[in-house]
Amino acid sequence: MEIDKYLDLQQTWANEIIIFPKNKGFQFQPTMNILSLDVQYSDEMAYVAADIQSFDGQFIQTFGMITHTNFEYIPSLFCFREAPPLLTFIQYLQKNKDFPPFDVILVDGHGIAHHRKFGVASCVGLLANMPTLGCAKDTLVKYNTTLNIAKNSTADIFLGDEMVGYAFRSQENIKPLYVSAGHLISQEESLEIVKNLCKMYRNPEPLRRADAVARLLQKGERTKEYIFLGEMECVKI
DNA sequence: GCGACAG
DNA sequence: ATCTTGTCGC
């Protein structure tokens with residue numbers, strides 16, 4: 001695989017990412033909807049789940065779809081593996097007016113908290129032209145700022161002089177989440193969104209639902225927890 | 001040169 | 001992410 005070609009492409013696309021200052025760009029309103037995405041893999045098959053809820057906490061629906069991936073997992077080039085299945089699903093939902101509309105997308109992975117400031121959430125935002133944010137369970141960029149044990153503590157993560165995201169302790173004394181803006185949103189708004197979506201568990205509620213549905217899909221269990229949309233041809237990047 | 005490295 | 005045994009807790 002021509003790694004250099006993808007490193008270049010990532011660098012080019014990273015320059016097109018727009019991160020807004022505080023109180024600019026996407027701002028959620030209670031009635032707006034958030035789309036949250038997760039994927040499970042079996043070999044080249046990708047089992048994708050998409051959850052839609054409003055910001056005032058109203059659950060709308062979780063959907064499931066099957067497609068494939070053809071890019072191996074390489075740390076820091078993860079977006080080329082995961083973004084195509086996600087974009088396939090996003091484009092399908094956008095094209096079909098029968099599906100609920102959504103205003104912002106939450107991705108399981110990083111936004112710009114990435115060595116070339118181009119994680120999967122930024123990739124999805126740029127190619128779908130939508131506001132996105134990333135929420136990951138491990139960090140890619142090292143940080144040495146202190147993170148308190150208390151619930152809702154945060155620590156800024158820097159790449160050189162630039163603040164690229166947060167370590168965020170969603171529950172007392174548990175491993176933090178890593179939150180960063182993806183595209184067309186501010187860091188502060190991204191953190192606020194994740195904060196609002198975390199309830200009793202480490203992960204945000206809609207990502208927990210998406211994760212559960214992706215696992216059901218993978219096992220071939222067609223339950224009432226989600227609406228199955230069938231198998232789709234994966235878009236190419 | 002070597003290790004570390006989202007999902 | 002996936003593979004994988006036993007173990008602990010609700």
Side-chain angles (χ1 to χ4, degrees), chain A residues 1 3-4 6-7 9-11 13-14 17 36-51 64-90 105-127 132-144 147 155 157-159 164-168 170-171 173-183 187 190-191 194 200-204 206-221 234 237:
Chain A
M1 192 170 300
I3 301 276
D4 289 350
Y6 291 100
L7 291 174
L9 183 55
Q10 206 174 35
Q11 195 58 253
W13 281 348
I17 290 296
S36 303
L37 300 165
D38 192 35
V39 186
Q40 299 283 332
Y41 298 95
S42 295
D43 298 318
E44 298 301 278
M45 299 306 295
Y47 302 86
V48 192
D51 182 277
M65 177 273 288
I66 300 175
T67 184
H68 56 85
T69 180
N70 40 33
F71 201 99
E72 64 175 304
Y73 171 65
I74 302 170
S76 90
L77 291 180
F78 174 58
C79 63
F80 295 106
R81 174 174 174 82
E82 185 134 309
L86 296 183
L87 289 164
T88 301
F89 211 158
I90 291 164
I105 303 173
L106 171 62
V107 178
D108 188 351
H110 293 293
I112 65 164
H114 177 282
H115 303 134
R116 287 173 298 282
K117 294 172 52 181
F118 200 74
V120 61
S122 296
C123 187
V124 165
L126 185 70
L127 299 184
T132 56
L133 61 146
C135 177
K137 293 175 280 301
D138 284 290
T139 190
L140 219 40
V141 180
K142 301 292 184 195
Y143 62 105
N144 44 24
L147 179 62
I157 297 174
F158 284 87
L159 190 66
V164 292
Y166 309 92
F168 166 60
S170 58
Q171 307 295 336
N173 201 22
I174 64 156
K175 278 183 60 179
L177 296 171
Y178 298 90
V179 179
S180 58
H183 187 46
Q187 296 286 18
S190 301
L191 177 62
V194 171
M200 302 280 285
Y201 302 91
R202 183 188 180 214
N203 288 325
L207 281 183
R208 296 184 64 244
R209 285 194 297 268
D211 182 80
V213 164
R215 288 174 198 278
L216 289 172
L217 262 174
Q218 185 184 35
K219 288 190 292 184
E221 296 180 13
C234 195
I237 283 191

* To do: Would you mind classifying the nucleic acid contact of Phe78(A) as base, sugar-phosphate or nothing, using non-hydrogen atoms under 4.0 angstrom?
  =>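 Phe78(A): base contact, heavy atoms under 4.0 Å.
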
* Answer with base, sugar-phosphate or nothing: what part of the nucleic acid does His114(A) contact at a heavy-atom distance below 4.0 Å? => base

Rounded distance (Å) that lies between atom [atom2] of [N] and atom [atom1] of [X]:
X	N	atom1	atom2	result
Asp138(A)	dA4(B)	CG	C1'	12 Å
Phe80(A)	dA6(B)	CZ	P	17 Å
Tyr6(A)	dC5(B)	OH	P	25 Å
Tyr47(A)	dT2(C)	OH	C1'	13 Å
Leu106(A)	dG7(B)	CG	P	13 Å
Ile3(A)	dC5(B)	CD1	C1'	13 Å
Asp43(A)	dA1(C)	CG	P	16 Å
Leu37(A)	dA1(C)	CG	P	15 Å

Any [X] side-chain N or O less than 4.0 Å from OP1/OP2 of [N]:
X	N	value
Gln40(A)	dG7(B)	no
Gln218(A)	dA1(C)	no
Lys137(A)	dG7(B)	yes
Arg215(A)	dA1(C)	yes

* May I ask you to decide if the ring planes of Phe80(A) and Phe71(A) are parallel, tilted or perpendicular, using 30° and 60° as cut-offs? =>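 Judged by the thresholds at 30° and 60°, the geometry between Phe80(A) and Phe71(A) is tilted.
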
* Asked: For the residue pair Phe118(A) and Trp13(A), does the interplanar ring angle fall in the parallel (under 30°), tilted (30 to 60°) or perpendicular (over 60°) class?
  ->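 Phe118(A) vs Trp13(A) ring planes: tilted.
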
At their closest point, which heavy atom of [X] faces which heavy atom of [Y], and how far apart are they?
X	Y	result
Asn70(A)	Glu44(A)	CA-OE1, 3.5 Å
His110(A)	Leu140(A)	NE2-N, 3.8 Å
Gln10(A)	Arg116(A)	OE1-NE, 2.6 Å

* dG7(B) base stacked by Tyr73(A) (centroids within less than 5.5 Å, tilt under 30°) ->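 Yes, Tyr73(A) stacks on the base of dG7(B), since the ring centres sit under 5.5 Å apart and the planes are within 30°.
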
